[in-house]
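Hydrogens, waters and symmetry mates play no part in the numbers below; they use all other heavy atoms, side chains included. Below, chain A is the first sequence line, B the second, and so on; all start at residue 1. Everything numeric in this text was worked out from a predicted model, so none of it was measured.
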Amino acid sequence: MARYDRAITVFSPDGHLFQVEYALEAVRKGNAAVGVRGTDTIVLGVEKKSTAKLQDSRSVRKIVNLDDHIALACAGLKADARVLVNRARIECQSHRLTVEDPVTVEYITRYIAGLQQKYTQSGGVRPFGLSTLIIGFDPYSGAPSLYQTDPSGTFSAWKANATGRNSNSIREFLEKNYKETSGQETVKLAIRALLEVVESGGKNIEVAVMTREHGLRQLEEAEIDAIVAEIDAEKAAAEAAKKAPPKET
Amino acid sequence: MKLDTSGLESTAPFFGSSHELNDGFSAVPSFEIPDTIDFDGFQKEAVQMVKPAKGTTTLAFIFKEGVMVAADSRASMGGYISSQSVKKIIEINPYMLGTMAGGAADCQFWHRNLGIKCRLHELANKSRISVTGASKLLANILFSYRGMGLSVGTMIAGWDETGPGLYYVDSEGGRLKGTRFSVGSGSPYAYGVLDNGYRYDMSIEEAAELARRAIYHATFRDAASGGVASVYYVGPNGWKKLSGDDVGELHYEYYPVLPSTVEQEMVEVAAA
């Protein structure tokens, strides 16, 4: 097997592209990222490793925008992410220039996935070691969308998804608890999902909310702390209700 | 191994170069530049050769119900009328039309090419391309061949999500959005009639009548226009050909012979 994982262009006898699978491993080691789609709001949340004291936290934004109406979060190699994001941003502007229309979320996802695929079928290069979560509103229909891409170049649309570290647990939680939400409820659902695997607190998660009217908004640490407190209170109330069922008189 | 700096470059590849990781279709089709001593002079000559070629009358305008497109059908080579039955309104796809003025081959080829690109856009994006996008695709291609002797003066008319759309695109690389255009040697005459009779809230019949009349008057005064006046209408369900009348016959409708007093009667002269 070791012979088939050197060059990207070689299939193994049982049909694997090992470099792509190793790239997926790199993603699995990356920070957790979660995306939830509501009816009028879409939320991205990313696990933030505690920032070093001397580091300027504003320079390590994990959720970036590709255009006024599209945002991206990823799990995996952050340096690869920078390159991919730059190419995607150029493509967003190039699309605006050639057809005088902003990109649809599906179009830019297809572009990014296509780019990731190209690097699995060329000589001398390695795949991008990241999976992305792309959110946005379509320019004309206004429909909210959430897409995910991975190092193999596949992409699909989701109502809610997670990638990176412990993504399976987060996805399980979302499958159990997902329902159509809007506004603040969507934000709460995303944060609750992320808190399943991340230490509680505003300084450990980065959250961004996108709405049709206001575009992307990064939440302040204080805001996140407030929502976390709300969630904790709700959880405590639910626990109390379970332990002492209300006595009927 | 070549250092991959393509992340720093724009996606539009420039003439002739090919990127390793580029998808083949986004490259502009390119030809080899001819091997001449004086390329600038050659380009100027090429442009001069096709300059008088836009012998035609085409017009298009947007009104309440959609877009009306009309054209004549004469092809002339200098003073020789080579054809009276040229199709100058090209059907790019069921909801978009292009008009032909300038080099017939250039217009036909590039409109056909545009039709292909529009169809590919539809297949890739699961929705029709806008008139804005289609006209921009054509304009960018024509711009890249600027100075090489293409002669195209076309109008792209269509109906998309945002309603009726009309753009003028030419081989100089220009692209204009507008509500009323006429292109060709007969355009001044057509403009005269069109501008005089135009109202935004016309019915389809009134607009068709205006378009037909404008083409007729242009063919009457312009030697390089004639043949058949075709009128097409583009509405929310696509385009429809409304009429194709011989301008010779239209003449008797618009320029009827008025009965006039006879000045001198011819009398039989007795045979000497």
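Panel note: side chain B:K136, backbone A:E100; no donor-acceptor pair is recorded below 3.5 Å.
There is no contact between B:A139 and chain A, counting heavy-atom distances below 4.5 Å. Of the two parts of A:L84, neither the backbone nor the side chain holds a non-hydrogen atom closer than 4.5 Å to a non-hydrogen atom of chain B. In this structure, the portion of B:T162 lying under 4.5 Å from any heavy atom of chain A is its side chain and not its backbone.
A distance of 7.0 Å separates CD in A:E106 from CG in B:N125, rounded to the nearest 0.5 Å. To the nearest 0.5 Å, atom OH of residue A:Y107 and atom NE2 of residue B:H121 are 8.5 Å apart.
Within a 6.0 Å radius of NZ in B:K240, no more than 12 heavy atoms belonging to other residues, nucleotides or ligands are found. Environment of CZ in A:R82: sparse, with no more than 12 heavy atoms of neighbouring residues, nucleotides or ligands closer than 6.0 Å. The local environment of CD in B:E161 is sparse, with at most 12 non-hydrogen atoms from other residues, nucleotides or ligands closer than 6.0 Å. Heavy-atom contacts from other residues, nucleotides or ligands closer than 6.0 Å to CZ of B:R180 number more than 12. Atom CZ of B:F143 sits in a sparse spot, with 12 or fewer heavy atoms from other residues, nucleotides or ligands closer than 6.0 Å.
Among all heavy-atom pairs drawn from B:S130 and A:D101, the shortest one is OG-OD2, 4.2 Å.
At least one side-chain heavy atom of B:N140 sits less than 4.5 Å from a side-chain heavy atom of A:T98.
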